[in-house]
There are 2 protein chains.
Amino acid sequence: MTVSCKTVLASKVSASFREQMKKDIKERNICPKLVGFLANDDPAAKKYAEWTAKTCAETGVAFELRKVDKQDLEEKITEANEEKEVNGIMVYYPVFGGKQDLYLQSCVSTLKDVEGLCHKFVYNVYHNVRYMDESETMKCIIPCTPLACVKILEFVGVYNTVLPYGNRLYGRTITVINRSEIVGRPLAAMLANDGAKVYSVDVNGIQVFTRGSGIKLTAHKVEDIDAKVEDVVPLSDVVITGVPTPKYKMPTTLLKEGVIAINFSSSANFEDDIKSKASIFVPSVGKVTVAMLERNLLRLHDYQNNLLEQKSSN
Amino acid sequence: MTVSCKTVLASKVSASFREQMKKDIKERNICPKLVGFLANDDPAAKKYAEWTAKTCAETGVAFELRKVDKQDLEEKITEANEEKEVNGIMVYYPVFGGKQDLYLQSCVSTLKDVEGLCHKFVYNVYHNVRYMDESETMKCIIPCTPLACVKILEFVGVYNTVLPYGNRLYGRTITVINRSEIVGRPLAAMLANDGAKVYSVDVNGIQVFTRGSGIKLTAHKVEDIDAKVEDVVPLSDVVITGVPTPKYKMPTTLLKEGVIAINFSSSANFEDDIKSKASIFVPSVGKVTVAMLERNLLRLHDYQNNLLEQKSSN
């Protein structure tokens, strides 16, 4: 058997976004400012912060890293919420690691939440609400890492552009190994909202996300199923992993021949021989996530300026 | 040694609130409606639901228990948010058990959140913000169980009414064994905001909550300390336990002579000989929690009606 797997690097996927961003910022002669809060010693968080700094410098975004004690973080976020020159705020999680981090995510002002992790934005993702305001002038911010995964899936041709927008994953089966509140669950919902059948796997079991038919909510449907990873992975056209430990490895033998394999964990979750089975392999997504951060930042920068103009013209 | 511990039952503490509620509802000829969602088989949740039903029936509140599948819960909450005849909504947690429950808490409309668990209310507790609106016509809803603990502490004389309001716990040392986002952490913050020194204990370690001096936030201050339960419990005038398992027992030998011992777990967290050491022992708080739920319900009922009147007069 000839190995014919194509490895797609995040830097390749993010290049066009980065170029567009750079061009926009230069032509419009603006300098959006992003503040990142680092309140832990997590090596993955530090690496992510370094990437953010590097990418921002390249594209013309003013990035300021603020290292703070975790106990001061909430006050520092509140200060940054009020600083006029700050257009976007992000936090390198985990900070406390548990539910308190979810609390912190909603402490970032909606108008500065480049990560898209406050309750309003996550709620809107689940319910397929596309705009922040009733007059539909401000598109919602979508959580960065799930958005990065979607952009990668578009780049590698999983979204079928022949199908109508909003249904371009119809017919696709996707397994997501991670059901965290900040990546796995919103990602599963977004993919289901676009028509996919999604197996969402975590230590507590497996759920199937499909396009829903709720009466009040335009939301995906979720069912618990009595199945194992071994049952659902072989059925999947795409397998996306995000287990935050190098110990976790998705067995290559489970995967369907020609699978598209994407890893968003900072550890390698696929085995070394993944290319013997996959048609496309994306070993990491971090650089696309940073590109999405910048994209969200530019949007929020514009929303803030539009609101200021509206205020001054009233 | 003579045992002279006074046992204070939650029913005793809640009696005056219940009577006041009953009187208000009767005199004003109103019938506030509370909807409770049960989406689990947890025996403690069922018991809590039964108490809610019983207490509501006694006081004149219309209570409707809606048993739903956990996967339908969010849609059902959204429906109830829009039902005009529903004044308050509560959920018997845990549902999913992890961060997803925190997400659900913020799905309940602020104007119907009798439990006070949505992000806005929890945020306001941490920052000592007392009103929902800028014109200070609507007092914030405070999370029920922490509020119940405060009312019990007032009842048993821990709050010193000689001191000014907002400083009535000054000089008191209190240990809280539980730092959950729905009870332990807001409780520690509330007690610190009222002047106490609070040792907040969970499996990850011990933090001290004191009155803070933040510049932007009028919030308590939190510090991690390198201490053990054995170090802080003997220093505490009050020990409040909330460990959700009967296996956890606070050793009576650790407690200070004459301590005030309060247990809000549905399991007994103090040892059988607690009365040999404590001056006051409160074995459970559930009935006070339900009384606080009703109190919050009446407030929200009135806010909703005031807002409707304002709308119709505009």
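Reminder, nothing fancy here: chain letters follow the sequence lines and each chain counts from 1.
- Contacts between residues 173-186 of chain A and chain B, defined by a heavy-atom separation under 4.5 Å, are made by A:E181, A:R185.
- Among residue pairs with one or both ends in residues 87-117 of chain A, those qualifying as ring pair (Phe, Tyr, Trp, His ring centres under 6.0 Å) are A:Y48-A:Y92, A:Y103-B:H119, A:Y103-B:Y126; sequence neighbours excluded.
- For the side chain to side chain donor-acceptor pair (under 3.5 Å) test, no residue two or more places apart in sequence or in another chain qualifies with B:S265.
- The number of heavy atoms from other shown groups lying within 6.0 Å of NZ (A:K197) does not exceed 12.
- Looking at A:Y123 and B:C107, their side chains come closer than 4.5 Å, going by heavy atoms from C-beta outward.
- Of the inter-residue distances, the one linking A:K221 atom NZ with B:E75 atom CD reads 11.5 Å to the nearest 0.5 angstrom.
- With chain A as the partner, the residue from B:K120, B:Q207, B:Q71 showing the most heavy-atom pairs under 4.5 Å is B:Q71.
- Closest of all the heavy-atom pairs between B:L102 and A:K99 is CD2-O, 3.3 Å.
- Partners of A:R130 according to the salt bridge (charged side-chain N to carboxylate O under 4.0 Å, His left out) rule, which considers only residues two or more places apart in sequence or in another chain, do not exist here.
- For A:D69, the CG atom sits in a packed shell: over 12 heavy atoms of surrounding residues, nucleotides or ligands are nearer than 6.0 Å.
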